[in-house]
2 protein chains.
Amino acid sequence: MGALQNEPKKADLQLTAVLYALSDETRLQIVQSLAKTPEIACSYFDIHMPKSSLSHHFRVLRTSGVITTRKKGTALLNRLRREDLSERFPGVLESVLAASTAMSRRR
Amino acid sequence: MGALQNEPKKADLQLTAVLYALSDETRLQIVQSLAKTPEIACSYFDIHMPKSSLSHHFRVLRTSGVITTRKKGTALLNRLRREDLSERFPGVLESVLAASTAMSRRR
DNA sequence: ACTATGGTTCGAGTATATTCGAACTAAGGA
DNA sequence: TCCTTAGTTCGAATATACTCGAACCATAGT
């Protein structure tokens, strides 16, 4: 509880909040990883960054409604809210994901 | 010149910058208006806000590459960079526009 | 009960954005 | 030439976000 309660319900998703959450390289990187796997723990990312910073970015993603987090033992498993997002904002997550993976492939 | 030179070339468009520019209600409102008309002057919006603030938001849209601005007499005409954006980030602007007009219709 | 793991929260410092008035500039019209 | 229009730029105030160490809190294992 606590962190997991800040997730907005589907009807309360705000487009601007979602776009803001996605407008950051680190968070986009997290979202890309989540797009490849159903559920991942925060610790599973090879993003070199103090855990309090990572936690901050996960919270932004969580409170904006991009991801959902559930407890599994001692870890927190994160999942993209694909269905909710594509119902409320069809194509947004999909196209951002496509564009961002296209960009990271280019480098 | 000056303001109009800050526009990034198509190849230099940054996804995060575009998403950031779109993650604000005022700017989204501007983008929605621009989507309905080919070109509009800044003064043409019924956004009640001091002109220096409006100018700021137009600059964010301009420097991120969402809009392009050209001079026409004493006014500046703004246009959405639809083609550039959909070539670089297919579907992003389109879906954001669709979602945002859907939201503003709801209120 | 102790310890380790995987995270969150707090707090402070720094950086970045937003707001807005005021001064400026360029172009058009009287 | 003077005035107006349409917008930019500057500067300062305020607000918001990011970064990160330190302290904290569950849960799992020993």
Report the nucleotide, chosen from C:dA22, D:dG7, C:dG7, that has the shortest atom-to-atom distance to any side-chain atom of A:Ser43. C:dG7
Measure from the side chain of A:Arg27, starting at C-beta and using heavy atoms only, and say which of C:dC20, D:dC18, D:dG21 lies closest. D:dC18
Nearest to the A:Ser55 side chain among D:dA26, C:dT9, D:dT19, which nucleotide is it? C:dT9
Would you say B:Arg62 places a side-chain N or O within less than 4.0 Å of OP1 or OP2 belonging to D:dT8? yes
Measuring only between side-chain heavy atoms, which start at C-beta, is A:Leu19 closer than 4.5 Å to A:Val92? yes
Phosphate OP1/OP2 of D:dT19: any A:His57 side-chain N/O under 4.0 Å: yes
Could you tell me whether B:Ser53 contacts a base, only the sugar-phosphate backbone, or nothing, with contacts defined as non-hydrogen atoms closer than 4.0 Å? base
Earlier contact from the 5' end, DNA chain C, for A:Leu77 and B:Tyr20: A:Leu77
Under the criterion side-chain hydrogen bond (donor to acceptor under 3.5 Å, both in side chains), which of B:Arg82, B:Arg81, B:Lys10 is the partner of B:Glu87? B:Lys10
Has the side chain of A:Thr37 got a donor or acceptor atom that lies under 3.5 Å from a matching backbone atom of A:Leu34? no
Which residue, B:Lys51 or B:Val60, contacts DNA chain C at a nucleotide closer to its 5' end, judged by nearest heavy atom? B:Val60
Of the listed C:dG6, D:dC20, D:dA6, the closest approach to the A:Pro50 side chain comes from D:dC20
B:Met49 has an atom CE; how far is it from atom C1' of C:dG21, in whole Å? 15 Å
With respect to the side chain of B:Ser52, which nucleotide from D:dA26, C:dC20, D:dA6 is positioned closest? C:dC20
Got a salt bridge between B:Glu39 and B:Lys72, using NZ or NE/NH1/NH2 to carboxylate O under 4.0 Å? no
Considering only heavy side-chain atoms of B:Thr74, the closest of C:dT9, C:dA26, C:dG7 is C:dA26
Assign each of A:Lys72 and A:Asp24 the nucleotide of DNA chain D bearing its closest heavy atom; nearer the 5' end lies the nucleotide of A:Asp24
